[in-house]
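Remember, predicted model here, so these are calculated numbers, not experimental data. Side chains included, hydrogens not; waters and symmetry mates left out as well; all remaining heavy atoms used.
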Amino acid sequence: MDLAPPRGTQDLLPPLGGRMRALYDRAAELARRYGYRYVETPGFEHTELFSATSGRTSDIVTKEMYTFEDRGGRRLTLRPEGTAPVVRAYLQRMHDLPSPFKAYSLTRMYRYGRPQSGRYREHRQFGIEVVGAGEPGADVEAIVVGDALLRSLGLERYEIQVNSIGDEVCRPAYREELLAFLRANRDRMGDEHRDRFEDNPLRVLDCKDDACRALAAEAPRITERLCAPCREHFEAVLAGLEEEGLKAVVTPTLVRGLDYYTRTAFEFVSHALASRTQAQATLFGGGRYDGLAEALGGPHVPGVGFGMGLERVLLAVEDEGLVPPEEPGLVAFVVGLGEAGRAKSRDLLRLLRAGGVPADAAFGERPLKAQLRMADRAGARYAAIVGEEEAASGTVALRRLADGVQETVPEATVVDRLRAGDA
RNA sequence: GUGGCCGUAGCUCAAUCGGUUAGAGCACCAGGUUGUGGUCCUGGGGGUUGGGGGUUCAAGUCCCCUCGGUCACCCCA
């Protein structure tokens with residue numbers, strides 16, 4: 001039996017598990033503060049949900065989906081992205097939900113591909129969606145929430161890139177213009193890229209190949225060909241970001257891999273990650289998807305949101321030399337010695353826990369030394385020792401493990417002292 | 001999905017030209033110390049050298065396949 005987890009997945013054991021948990025908590029707290037409510041959608045969906053919305057030429061659909069047939073013959077796919085499921089759920093229940101519907105989620109995504117630093121087959125995302133809001137203020141808020149989370153972790157070395165990729169009115173014309181430009185310059189592209197642009201010309205814009213970049217620099221710019229409503233929307237988003245004090249870099253080559261995106265597209269790119277590995281530097285990306293609801297057969301419902309890769313956020317925290325978030329640890333490890341001491345230690349353990357003080361103890365009878373070692377390993381701040389002497393005198397020996405300072409206190413005061421954190 | 005590099009103890013690594021019983025540090029466990037952890041001393045457990053096949057008198061070492069890791073590409077989180 002191979003004990004290693006499947007390729008591209010990982011076990012989050014301490015201390016990684018505590019960091020992820022702390023990150024979840026912080027993201028949830030922040031999202032709630034901005035008026036978002038927690039949602040979950042199934043871990044798998046009908047394959048059609050993704051194939052119909054992500055676009056037939058997208059990488060997700062063509063090579064990254066974990067698709068299987070269940071025993072009833074249904075075609076199902078492990079969720080590769082979070083927006084389409086939330087919008088599906090919204091459309092089914094929209095009459096019961098507020099408008100706009102502001103949702104946040106913390107969940108795992110699955111994409112097949114070669115794993116590498118900051119990229120896994122199973123990864124975790126913090127996502128928010130504002131469904132039913134077409135106003136530029138919604139785009140701005142999404143960016144503000146993501147930025148606030150990164151900043152609360154101490155991250156600074158990243159850049160906010162924004163673009164508008166137009167809508168169903170102006171994008172088709174731009175697409176044709178770009179296509180014509182690319183065809184005219186076909187011989188200047190690398191062999192591998194030459195045949196790809198016919199399917200999705202916008203992709204050439206964010207290709208990293210030198211030849212493509214040179215072409216992209218000369219290519220017609222979408223930002224100069226937006227229809228009036230799209231241009232007004234984009235300008236309002238930029239003004240809103242400025243009002244929020246956020247520096248955003250307009251990046252005309254920023255496009256989105258999924259078909260349903262319209263207008264605003266944004267990405268937060270880490271300089272720290274790029275400097276270490278040249279690898280995946282996008283901390284999170286998102287945008288507006290006014291065409292998604294209709295692609296699902298629903299009415300016109302605008303929306304905007306993002307997905308943030310949490311493993312990548314933790315990598316960036318590490319690379320900027322910051323202290324990662326931590327799950328709060330044990331405050332007290334209760335040590336019991338002898339018949340009477342162990343009986344009293346069990347009472348103390350119950351009282352501490354009931355009083356909201358994170359506390360633990362050994363299950364069976366063990367020597368003092370072993371119990372203190374357990375306390376140390378568990379990361380407890382204090383050992384609360386109840387031996388025969390303490391049991392007889394109604395006291396507890398409180399030992400601060402960091403420096404070994406120990407003091408004998410009345411047992412009735414222990415819970416309050418540890419709860420106050422100043423024992 | 002394509003390509004490069006790499007797989008030796010839980011971790012980081014060593015092992016001469018292919019040569020005898022694969023070693024060390026850290027970690028872990030026990031004892032030194034029957035009421036004091038984290039320090040120190042002593043001892044101990046721990047390996048199908050990722051897996052399979054091949055070449056050879058002999059393979060951790062060379063060859064092939066496979067699995068995994070890593071990096072780049074594609075693309076994304």
**Student:** Determine the Euclidean distance between corresponding C1' atoms of rC28(B) and rU66(B); express it in Å to zero decimal places.
**Tutor:**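 Per the computed distance, 33 Å lies between those C1' atoms.
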**Student:** Could I get a table of every N or O pair under 3.5 Å where one atom is in the protein and the other is in nucleotides 38-40 of chain B?
**Tutor:**
unit_1	atom_1	unit_2	atom_2	d
rG38(B)	O4'	Asp376(A)	OD2	3.2
rG38(B)	N2	Ala402(A)	O	2.8

**Student:** Tell me which of Leu337(A) and Met308(A) sits closer to the 5' end of RNA chain B, going by the nucleotide each one is nearest to.
**Tutor:**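 With Leu337(A) and Met308(A) compared, the 5'-side residue is Leu337(A).
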**Student:** So that I can compare with my own list, what are the stems of RNA chain B, taken as at least three consecutive Watson-Crick or G-U pairs with distances under 3.5 Å?
**Tutor:**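 Listed by first number, the stems are B:1-7 with B:67-73, B:10-13 with B:23-26, B:28-32 with B:40-44, B:50-54 with B:62-66.
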**Student:** Can you tell me if the side-chain N/O atoms of Ser117(A) get under 4.0 Å from OP1 or OP2 in rC71(B)?
**Tutor:**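 So the side chain of Ser117(A) is within the cut-off, an N or O lying under 4.0 Å from OP1 or OP2 of rC71(B).
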**Student:** Regarding rG69(B), can its base be found pairing with the side chain of Arg114(A) as donor and acceptor, where the two atoms are less than 3.5 Å apart?
**Tutor:**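 No such pair is found, so the answer is no.
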**Student:** Tell me whether the side-chain N or O atoms of Gln406(A) pair up with the base of rU36(B) as donor and acceptor below 3.5 Å, since no angle test is needed here.
**Tutor:**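 Pair found.
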**Student:** Just to be sure I understand the rule, does Glu390(A) reach a base, reach only the sugar-phosphate, or reach nothing, if contact means heavy atoms closer than 4.0 Å?
**Tutor:**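 Result for Glu390(A) = base.
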**Student:** Determine whether any donor atom in the side chain of Gln371(A) lies under 3.5 Å from an acceptor atom in the base of rG35(B), or the reverse, and answer yes or no.
**Tutor:**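 Check fails, no donor-acceptor contact within cut-off.
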**Student:** Does CD in Glu156(A) sit with more than 12 non-hydrogen atoms of other residues, nucleotides or ligands closer than 6.0 Å?
**Tutor:**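 Result for CD/Glu156(A): open.
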**Student:** Could you check whether the rings of Phe266(A) and Phe306(A) sit parallel, tilted or perpendicular, using 30° and 60° as the cut-offs?
**Tutor:**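 Phe266(A) vs Phe306(A) ring planes: perpendicular.
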**Student:** To the nearest Å, give me how far apart CZ (Arg342(A)) and P (rG35(B)) are.
**Tutor:**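 Arg342(A) atom CZ is separated from rG35(B) atom P by 14 Å.
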**Student:** Flag this pair as yes if the NZ/CZ of Arg121(A) is under 6.0 angstrom from the six-membered ring centre of Tyr112(A) and inside a 45 degree cone about the axis; otherwise no.
**Tutor:**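 Judged by the rule, Arg121(A) and Tyr112(A) form a cation-pi pair.
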**Student:** Select base, sugar-phosphate, or nothing to describe what Gly307(A) touches, counting heavy atoms under 4.0 Å on all strands.
**Tutor:**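 Result for Gly307(A) = sugar-phosphate.
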**Student:** Of the listed nucleotides (rG68(B), rG35(B), rC75(B)), which one gets closest to any side-chain atom of Glu64(A)?
**Tutor:**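 Shortest atom-to-atom distance from the side chain points to rC75(B).
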**Student:** Could you say whether Gly286(A) or Gly8(A) is positioned toward the 5' end of RNA chain B, judged by the nucleotide with the nearest heavy atom to each?
**Tutor:**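 Mapping each residue to its closest nucleotide by heavy atoms, the 5'-most match is Gly8(A).
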**Student:** Is it the case that more than 12 heavy atoms not belonging to Glu365(A) sit under 6.0 Å from its CD atom?
**Tutor:**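 Not buried by this count: 12 neighbours or fewer within 6.0 Å.
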**Student:** Regarding Glu81(A), tell me which of base, sugar-phosphate or nothing describes its non-hydrogen contacts under 4.0 Å with the strands shown.
**Tutor:**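 No contact at all - Glu81(A) keeps every heavy atom at 4.0 Å or more from the nucleic acid.
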**Student:** So, does Arg111(A) get its side chain near the phosphate of rC75(B), meaning an N or O under 4.0 Å from OP1 or OP2?
**Tutor:**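 Indeed not, no polar side-chain atom of Arg111(A) lies that close.
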**Student:** Could you tell me if the ring centre of Tyr382(A) sits under 6.0 Å from that of Phe333(A)?
**Tutor:**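 No: the rings miss the under 6.0 Å criterion.
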